[in-house]
Amino acid sequence: MQTKRKVISEIVSKGRNINLWKSKGKEVFNNEYDKSTLLAYYNAASRTNQDSNRDLWSDLTNNGYDLQLNNFVFGGLSGWNGYLQNFNEWNFSSRLTTSTKNDNSFTSTAVITSDTVRITLLSKTISAVETIKVRVSGDIMYNGTPMWFFQTATGGVAKTQNITSEGIYEFSSNEGNTLIAISFAVIGAGTMNVNTTFQQIAEYPNAIVTDGIDDFAQSIISLPAFANNNYTFVFDFETLNTGTTSPILRRNGIELYRLSSNLWQQSNIGANKTFPNMPLAITGSGAIDFLGNKYLVNPAQNDAAGALRLANDLSGDYGALAIRSLSVWNGINMNYEQCVNVYNRMKNNTLI
């Protein structure tokens with residue numbers, strides 16, 4: 001039988017809203033907060049790698065604390081929404097004509113067929129097991145025969161998978177394969193009009209994904225010193241790399257890390273506190289987790305203005321993260337109920 005603690009942990013791990021939780025016998029939404037203390041707010045909902053301003057994460061408060069996204073590829077697991085593959089890194093055959101093509105999707109319009117063999121239309125050289133997950137729609141069959149199929153080739157045990165109907169497909173290479181491809185099965189001489197769309201399924205929808213190698217975000221202008229050294233950061237994010245230290249957030253001496261031991265650590269100007277559970281928020285007085293536990297640190301002292309930095313700690317460590325939203329509050333150390341209220345409104349995109 002699951003305990004309430006286990007149920008709550010599962011709800012949080014699946015990214016679901018927690019607005020039905022109760023704390024100390026009262027609905028969490030009853031505990032409001034002072035909206036005038038909201039300093040900056042970032043939400044990745046509806047962002048794409050095709051945005052004209054894709055390298056800028058705008059501060060939705062209009063206070064101007066926009067984040068510059070640095071070193072992002074804007075494809076695969078480096079950019080908006082996170083995809084297992086980056087089609088910009090695949091080789092497209094001259095036999096394939098497309099009407100649209102970007103990092104996560106393409107639509108075919110015509111294929112120049114071969115009169116002797118099946119043909120590979122797009123492929124990628126690989127050095128490890130890789131997976132592609134796509135929704136396929138449009139033209140699928142020709143005279144009762146599937147037109148498209150996935151395949152691996154050269155090295156290891158080859159495999160194929162036919163695309164037999166519209167829908168979502170997940171295909172992985174085998175150990176030792178050095179090529180993964182999407183190929184065309186119809187044999188004949190000439191050009192076929194084929195309208196088929198391959199749209200990758202986002203791994204982390206409505207999130208900015210950092211690769212843990214060199215991606216990071218930094219505010220273009222410095223955030224001011226926090227009033228009375230009081231502050232609150234509320235986040236909706238997850239860490240993607242394991243076994244390595246992952247910096248989450250830094251602003252001068254205010255820091256949050258996930259440590260390699262899977263513990264978490266908050267620092268206020270050098271005063272560290274390590275704790276076991278994923279944080280809902282950090283404040284000037286301590287971290288708050290999703291179960292309402294508070295891990296106290298020494299209050300921040302001599303706080304000064306400084307740039308906000310995500311996924312990098314200035315010492316060479318980078319975090320692989322999927323960040324959906326973040327809000328920064330000036331002059332207030334929120335309690336648990338207030339943080340849950342803010343978190344739910346961020347999840348529902350109703351904070352402002």
Side-chain angles (χ1 to χ4, degrees), residues 48-50 73-114 117-187 192 194-207 209 211-212 238 240-242 320 322:
T48 76
N49 290 330
Q50 283 65 58
V73 174
F74 295 105
L77 295 175
S78 173
W80 300 104
N81 303 307
Y83 303 91
L84 294 179
Q85 297 294 328
N86 180 359
F87 282 143
N88 291 330
E89 297 175 347
W90 286 53
N91 295 314
F92 280 70
S93 169
S94 60
R95 289 177 175 270
L96 173 64
T97 301
T98 60
S99 58
T100 60
K101 182 176 70 172
N102 58 44
D103 66 285
N104 61 75
S105 71
F106 70 91
T107 298
S108 69
T109 55
V111 175
I112 301 174
T113 62
S114 167
V117 295
R118 295 178 170 192
I119 54 177
T120 297
L121 293 183
L122 62 155
S123 62
K124 178 186 176 184
T125 300
I126 59 176
S127 58
V129 173
E130 294 203 21
T131 299
I132 182 171
K133 188 188 300 182
V134 291
R135 176 179 288 105
V136 184
S137 60
D139 296 334
I140 305 295
M141 308 292 286
Y142 176 72
N143 290 338
T145 301
M147 290 189 288
W148 300 90
F149 64 99
F150 303 102
Q151 72 173 129
T152 62
T154 64
V157 178
K159 63 187 290 190
T160 63
Q161 180 181 346
N162 289 328
I163 298 172
T164 57
S165 63
E166 294 183 309
I168 295 176
Y169 290 81
E170 184 171 344
F171 180 76
S172 299
S173 62
N174 286 324
E175 191 74 39
N177 293 151
T178 58
L179 193 76
I180 188 170
I182 298 175
S183 300
F184 198 71
V186 179
I187 297 176
M192 290 183 60
V194 182
N195 192 318
T196 310
T197 296
F198 288 75
Q199 172 63 62
Q200 289 195 65
I201 306 300
E203 292 294 294
Y204 305 99
N206 298 319
V209 178
D211 61 8
E238 56 187 296
L240 311 182
N241 53 350
T242 59

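Partners of D103 by side chain to side chain donor-acceptor pair (under 3.5 Å), not counting sequence neighbours, listed by chain and number: N49, Q50. Contacts of E203 classified as side chain to side chain donor-acceptor pair (under 3.5 Å), with partners at least two apart in sequence or in another chain: K133. When the side chain to side chain donor-acceptor pair (under 3.5 Å) test is applied to T97, no partner is found at least two apart in sequence or on another chain. Residues satisfying the side chain to side chain donor-acceptor pair (under 3.5 Å) criterion with S78, sequence neighbours excluded, are D215. Not counting sequence neighbours, the partners of R95 by the side chain to side chain contact (heavy atoms under 4.5 Å, CB included) test are S93, I112, S114, I119, L121.
Side-chain atoms of N177 come within 3.5 Å of backbone atoms of V157 as a donor-acceptor pair (strictly under, hydrogens ignored). No side-chain donor-acceptor contact under 3.5 Å links N91 to the backbone of L122. Looking at T178, its side chain does come within 3.5 Å of a backbone N or O of T154 through a donor-acceptor pair. The main-chain N or O of K159 is found under 3.5 Å from a side-chain atom of T152 such that the two form a donor-acceptor pair. N86 places a side-chain N or O within 3.5 Å of a backbone atom of N88 that can act as its donor or acceptor partner. At distances below 3.5 Å, not a single donor-acceptor pair connects side-chain atoms of T196 with backbone N or O atoms of S108.
Across all their heavy atoms, T120 and A181 have their closest contact at CG2-CB, 3.7 Å. Closest heavy-atom contact between N102 and N104: OD1-N, 2.9 Å.
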Residues 135-143, side-chain donor-acceptor partners within the protein, below 3.5 Å, at least two apart:
from : atom 1 : to   : atom 2 : distance (Å)
D139 : OD2    : N195 : N      : 2.7

